Amino acid sequence: QVQLVESGGGLVQAGGSLRLSCAASGRTFSKYVMGWFRQASGKERELVAELRWSAGSTYYADSVKGRFSIFGDNTRNTMYLQMNSLKPEDTAVYYCAAAEEATPGQYDYWGQGTQVTVSS
């Protein structure tokens, strides 16, 4: 079991950057498949980026590919989402989530969310 807390959201102008953090307590994040999700107003929650520890690989949604980067710092038990070249359509609540490696598609653990707002 792992507990997740996001931080780093805020207001930024289009073209700017933000770095979201996801601090994990309990088991280290490196024992899980880690994902960043977002949910915009009136929209379904969508997977933005995923770190597959067992495969040593990453996944990015087409809408953020080339702009966002997911990575972790094992020494601090923290995962990050670096967001560059932000667009107004990136505005959403962003959630950190974790899935046990035995069930990589089943995200059972979620943070509380952090708001990202990108102005035009």
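Worth saying up front: this structure is predicted, and the values here are computed from it rather than measured.
Side-chain contact between Val116 and Asp90: absent, with no pair of heavy atoms (C-beta onward) separated by less than 4.5 Å. In this structure, Glu46 and Arg38 have side chains that are in contact, with non-hydrogen atoms separated by less than 4.5 Å. In this structure, Ser17 and Gln82 have side chains that are in contact, with non-hydrogen atoms separated by less than 4.5 Å. Contact annotation: the side chain of Glu50 never approaches that of Thr58 to less than 4.5 Å [non-hydrogen atoms, C-beta and beyond]. By the 4.5 Å heavy-atom criterion applied to side chains, Leu51 and Tyr59 are not counted as neighbours.
A distance of 5.5 Å separates CH2 in Trp36 from CD in Glu6, rounded to the nearest 0.5 Å. Put simply, CG on Leu20 and OH on Tyr94 are 7.5 Å apart, with the number rounded to the nearest 0.5 Å. Put simply, OG on Ser120 and NZ on Lys87 are 13.0 Å apart, with the number rounded to the nearest 0.5 Å. Rounding to the nearest 0.5 angstrom, the gap separating the SG atom in Cys96 from the CG atom in Leu81 is 9.5 Å. Residue Met79 holds its CE atom at 13.0 Å from OH of Tyr32, rounded to the nearest 0.5 Å. With rounding to the nearest 0.5 angstrom, the OG1 atom of Thr78 is 10.5 Å from the CZ atom of Phe71.
Ile70 and Met83 fall within the same hydrophobic cluster, where Ile, Leu, Val, Met, Phe, Trp and Tyr residues are linked whenever their side-chain heavy atoms come under 4.5 Å apart, directly or through other members. Taken together through direct or relayed side-chain contacts under 4.5 Å among Ile, Leu, Val, Met, Phe, Trp and Tyr, Phe68 and Phe37 form parts of separate hydrophobic clusters. Under the 4.5 Å side-chain heavy-atom criterion for ILVMFWY residues, no single connected hydrophobic cluster contains both Val5 and Val93. In the hydrophobic clustering of this structure, Tyr60 does not group with Val33; members are Ile, Leu, Val, Met, Phe, Trp, Tyr whose side-chain heavy atoms approach within less than 4.5 Å, directly or through other members. Taken together through direct or relayed side-chain contacts under 4.5 Å among Ile, Leu, Val, Met, Phe, Trp and Tyr, Met34 and Val2 form part of one hydrophobic cluster.
Panel note: side chain Arg67, backbone Ser63; a donor-acceptor pair is recorded below 3.5 Å. Thr91 contributes a side-chain N or O that, together with a main-chain N or O of Val118, makes up a donor-acceptor pair within less than 3.5 Å.
Taking a cutoff of 4.0 Å between a charged side-chain nitrogen and a carboxylate oxygen, Lys65 and Asp62 qualify as a salt bridge.
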Between Thr117 and Val12, does the side-chain contact (heavy atoms from CB on, under 4.5 Å) criterion hold? Intermediate values first, please.
CA-CA 6 Å; Thr117 302; Val12 64; over 6 Å; no
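Between Tyr95 and Trp110, the ring-plane angle classifies as perpendicular under the 30° and 60° cut-offs.
Using a 3.5 Å distance cut-off with no hydrogens or angles, the side chains of Gln13 and Ser119 do not pair a donor with an acceptor. When only modelled atom types and interatomic distance are considered, Tyr107 and Glu100 share no side-chain donor-acceptor pair under 3.5 Å. For the residue pair Tyr80/Arg19, the side-chain donor-acceptor check at 3.5 Å is not satisfied.
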